[in-house]
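Before any comments, here is the structure.
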Number of protein chains: 2
Amino acid sequence: MEKLTIDKIAKLALVSRSVVSRVLNNHPNVSEEARERVLKVVEKYNYSPNPVARSLATQHTRQIGVLTSRFKDENLDNGYWSQLYLGVFEECIRRGYYVRLSFYDSSMNDNLRRHLLNEHQLDGLICLNEEVTDLAAEHFAHKERSVVIVGHNPRYTTISSVDVDNQAGAHKGVSHLTGLGHRVIGGIFGNHNVQETEQRISGYKKALRQAGIEFDERLVHVGSYSQEEGYQMVNEWLASVPEMTALFCAGDTIAMGALLALKENNISVPERFSVMGFDGLPISKYLIPPLTTVAQPIYGKGEKAAALLIDQLQKKETRTLHIDLSPELIIRNTTAPAP
Amino acid sequence: MEKLTIDKIAKLALVSRSVVSRVLNNHPNVSEEARERVLKVVEKYNYSPNPVARSLATQHTRQIGVLTSRFKDENLDNGYWSQLYLGVFEECIRRGYYVRLSFYDSSMNDNLRRHLLNEHQLDGLICLNEEVTDLAAEHFAHKERSVVIVGHNPRYTTISSVDVDNQAGAHKGVSHLTGLGHRVIGGIFGNHNVQETEQRISGYKKALRQAGIEFDERLVHVGSYSQEEGYQMVNEWLASVPEMTALFCAGDTIAMGALLALKENNISVPERFSVMGFDGLPISKYLIPPLTTVAQPIYGKGEKAAALLIDQLQKKETRTLHIDLSPELIIRNTTAPAP
DNA sequence: TTGTAAGCGTTATCAC
DNA sequence: GTGATAACGCTTACAA
């Protein structure tokens, strides 16, 4: 099986190289008989054009880069990235694009850094967190239209983005808790200085307000999305705020840590204490007890981000869009009426 | 900032295009002064050669494909995949290769299928499961040297592979259980007809034999790596084999389901029943109770697979290698002496 | 409708 | 040590 090129196919189909090209690219101006001859040869030899050569000629690669940080958080471990990436990937494939997934690590040298977002090889970029967004914004400054970020970022209003409606999500979760009669509800949130966190806190406050509960600063902690965080805070609060009966965790992983601490302190969930998660990770269903949580459309975020980017690349969309997706409350077994 | 090409750099450095190319590729036969002039211009304009053009000329892309199935198992959800991919990615980046991660879905049409492993765009391929190995073997039949698989597959002895030593792993886990005095030990294993499963069962049997325990077929179940599987089997065995006091799960996810079922049946772990996992997923530490498990070097498998592949691509290794990595027992809180 | 020829940005061969 | 020049395999004016 020797190497096939467009010229060989052309020869075999008794036409010129350009006719083959037109057929392959569905261009007009090619007679029906020529088209059929070409198609038959293509079929017979199972030919497919060399995408590298095509890229060089067309100046685009149909490849999209997905960029995220190496160390930034533990999402890597919990299935969040997988879901998100899967959404990106499948939307891209459907529309004829490839995806290159890279992890950025701040210890990388300039050379590597440049490689990761080499514009020669990438038609566009999807940034999955703030750190890499900064990186990309620097390099792609002149052509912002080919970048999309997951998670709104007030510093980049001209870059399209996708996120779950964080405020609505937190509001849903906390409202469920207040609806069950809880009055002293702790809140553990993720990263500082991020719109996501602000929005979730805002939703938390709104739900309290609507239930006529006064906001108490001591009941809110902002740290990280790690299990450790939930574990630590529960231990702290159990000592300092014994009247607490429920906890809103801005991430399922936080909730996992919280559940572990509760268990170790012999506090039964949900009888004596309710726990609400956020994310709706696949594993949340198998926690003990199965976790009540606010599910965000993780796959959908990836899918939508890819759609947005490709629409821009194909000039189907020229505006900067900031899309909010809807969260959904999943009631399982970690929440119950206040004791 | 206009587009830079090698010709522009050449002009600015007062040399020919070939000299620039030589400098950039560390070829000999270029004078020190010329080299410096070129380097200075390259630095100043922050030039980096177009990899697409380079690929067309050199006939290789420095891109490696990673292929796995979309639906085959739940690894996607539990952090296994992320770890594995991270290992592949970082080894590749270190050695100057890019990675394209794709999910194969059997519902894909021929066109897409061919796309996924288009040899024009990929120097090599890493297959993460059997289904995609079959796929790759078909297409890359003539150049097996550029494929590496994760998980040994007796059907492809001429393709290099990496795996954990499955037999040793299971043996370590079950020996720990027998060492604690357990005599009736259930075993739940993953996919049928896979060397991995055979090896783990073999390790399980060996440990029993060494402890003088007779093998009982009814205590072994082969199904899938899902939580569901663990959940179901525990419920079954609790009824049919009440004398069972310990369980060896060939995957941490299976163990998660088992723990949930045990909890629902009010059987305390590890006091009345011990559970051993396999994998050492990051989340296993946060299960309730934290899971005792046989950790396999997931990241290491990815890393080694990439290393093997690149060694082959660079002709540093011409043999077919089947590498076994060592598992490690992590004792946490789900195992205790038999009651 | 078809074919010719000029790119696309590199590497690599081969005179000089 | 250096610089033309011919690949690499495709797209796309433009001419026929």
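Naming: A, B, ... by sequence-line order, numbering from 1 per chain.
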Whole-Å distance separating the [atom1] atom of [X] from the [atom2] atom of [N]:
X: A:Asn26; N: D:dT12; atom1: CG; atom2: C1'; result: 16 Å
X: A:Arg37; N: C:dT2; atom1: CZ; atom2: C1'; result: 11 Å
X: B:Arg22; N: D:dA4; atom1: CZ; atom2: C1'; result: 11 Å
X: B:Leu24; N: C:dG9; atom1: CG; atom2: P; result: 15 Å
X: A:Leu56; N: C:dG7; atom1: CG; atom2: C1'; result: 9 Å
X: B:Gln121; N: D:dC8; atom1: CD; atom2: C1'; result: 15 Å
X: B:Ile9; N: C:dG9; atom1: CD1; atom2: P; result: 13 Å
X: B:His60; N: C:dT11; atom1: NE2; atom2: P; result: 10 Å

_Side-chain donor or acceptor of B:Asp7 paired with backbone N/O of B:Ala10 under 3.5 Å_ =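 Side chain of B:Asp7 to backbone of B:Ala10, a donor-acceptor pair under 3.5 Å: no, none is there.
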
_For the backbone of A:Ile149 and the side chain of A:Ser161, can you confirm whether one donor and one acceptor N or O come within less than 3.5 Å of each other?_
no

*Does B:Gln195 reach the side chain of B:Asn153, with side-chain heavy atoms less than 4.5 Å apart?*
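When only atoms from C-beta onward are counted, B:Asn153 and B:Gln195 do not touch, as no gap falls below 4.5 Å.
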
*Within-4.5 Å side-chain heavy-atom neighbours: A:Arg100 and B:Gln63*: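 Yes, their side chains come closer than 4.5 Å.
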
Does the side chain of [X] get closer than 4.0 angstrom to OP1 or OP2 of [N] through an N or O atom?
X: B:Ser31; N: D:dT2; value: yes
X: B:Lys3; N: C:dG9; value: yes
X: B:Asn29; N: D:dT2; value: no
X: A:Ser16; N: C:dG3; value: yes
X: B:Gln59; N: D:dG9; value: yes
X: B:Arg54; N: C:dG9; value: no
X: B:Asn50; N: C:dT10; value: no
X: B:Tyr47; N: C:dT10; value: yes

*Name the closest nucleotide to the B:Ala57 side chain, picking from C:dT2, D:dC8, D:dT5.*
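So the nucleotide nearest the side chain must be D:dC8.
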
*Which nucleotide in the list C:dT2, C:dT10, D:dC10 gets nearest to the side chain of A:Ala34?*
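The closest nucleotide is C:dT2.
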
Over all strands shown, is [X] touching base, sugar-phosphate only, or nothing at heavy-atom distances under 4.0 angstrom?
X: A:His27; answer: sugar-phosphate
X: A:Thr5; answer: sugar-phosphate
X: A:Val15; answer: sugar-phosphate

*asked:* On DNA chain C, compare the nucleotides closest to B:Val20 and A:Leu14; which residue's is nearer the 5' end?
replied: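 It is A:Leu14 whose nearest nucleotide is closer to the 5' end.
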
*Spell out yes or no: do the side chain of B:Thr58 and the base of C:dT10 have one donor N/O and one acceptor N/O closer than 3.5 Å?*
no

_Side-chain-base donor-acceptor pair under 3.5 Å for B:Arg17 and C:dT10_ = yes

*Only one of B:Ile64, B:Val99, B:Leu84 clears side chain to side chain contact (heavy atoms under 4.5 Å, CB included) with B:Phe89; which?*
B:Val99

*Classify the angle between the aromatic ring planes of B:Trp81 and B:Phe103 as parallel (below 30°), tilted (30 to 60°) or perpendicular (above 60°).*
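Correct class here is tilted.
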
